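Since the model is a prediction, treat every value here as computed from it, not as a measurement.
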Amino acid sequence: MSLGSVLEMTYQWIKAGHVIFVIFWIASLFMLPRYYVYHQESVPGSVEEKRWIDRERKLKSIIMTPAMILVWIFGITLATIGHFWADGWLSAKLLLVLSLSGYHGYMVAYGKKLARGERPMSGTALRLMNEVPGIATALIVVLVIVKPF
Ligand code: HEM
């Protein structure tokens, strides 16, 4: 096997890892605000509320945050090996991914408020917020696959 094909194969494996953790990250970003909606429908201080706090904590610490970190590590590696840093589609994608990471941080912070007994957002507002990762994912996938610029 030549060095070129070893590099090519390595690149494909890293890309597979990238997409696997993208799926874990985005799936948990879809789930968390849903959990918050159910959480907010539970009686404050009830056993049910405590269960939601526990589920939210596990989803964030076991799946969502590690997946986000791995998506970043694999993505940066792909951009470096593939010499994509100067491409317009990657800059646009990075802007969207940075916003999505900000959304992630916002949702984690919201969970801390909920765990303290605060419920600042309405169920409708949370349901609307839940649309953000779907829209961002659609735009990001078009950018990385179609590479329109
Ligand atoms: C965290 C920062 C990220 C960076 C730096 C990054 C960078 C990259 C790069 C350089 C590629 C390889 C493109 C190619 O080989 O043509 C790639 C592939 C891909 N990325 Fe990302 N990415 C990031 C996050 C994301 C996110 C959040 C999503 C989805 C929501 C995503 C979805 C994909 C998909 C589906 C592919 C495979 C495309 C293909 O096979 O042509 N990436 N990414």
NZ/NE/NH1/NH2 to OD/OE distance under 4.0 Å, [X] and [Y]:
X	Y	result
Lys58	Asp54	yes
Glu49	Arg119	yes
Glu8	Lys15	no

Does the plane of the ring in Tyr110 sit parallel, tilted or perpendicular to the ring in Tyr106? Use 30° and 60° as the thresholds.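 If you compare the ring of Tyr110 with that of Tyr106, the planes turn out parallel.
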Verdict with supporting geometry, Trp85 and Ile76, side chain to side chain contact (heavy atoms under 4.5 Å, CB included): CA-CA 9 Å; Trp85 287 112; Ile76 289 169; 4.0 Å; yes
Backbone N/O of [Y] and side chain of [X]: donor-acceptor pair under 3.5 Å:
X	Y	answer
Thr65	Ser61	no
Tyr36	Gly123	no
Ser99	Leu95	yes
Gln40	Met121	yes

So how far is it from Thr137 OG1 to Leu100 CG, rounded to the nearest 0.5 Å?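 Result: 6.0 Å between the selected atoms.
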Find the distance between OH (Tyr38) and CH2 (Trp52) and round it off to the nearest 0.5 Å.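 Going from OH on Tyr38 over to CH2 on Trp52, the span is 7.0 Å.
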Any chance CZ of Arg51 has more than 12 other-residue heavy atoms, nucleotides or ligands included, within less than 6.0 Å? no
Kindly check if the number of other-residue, nucleotide or ligand heavy atoms within 6.0 Å of OH (Tyr103) is above 12?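 Enclosed: over 12 neighbouring heavy atoms sit under 6.0 Å from OH of Tyr103.
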Salt bridge (charged side-chain N to carboxylate O under 4.0 Å, His left out) partners of residues 139-149, not counting sequence neighbours, each pair once: none
Less than 4.5 Å apart, any side-chain heavy atom of Met64 and any of Met31? no
Could you pull out all residues at least two apart from Phe30 that satisfy side chain to side chain contact (heavy atoms under 4.5 Å, CB included)? Ile26, Pro133
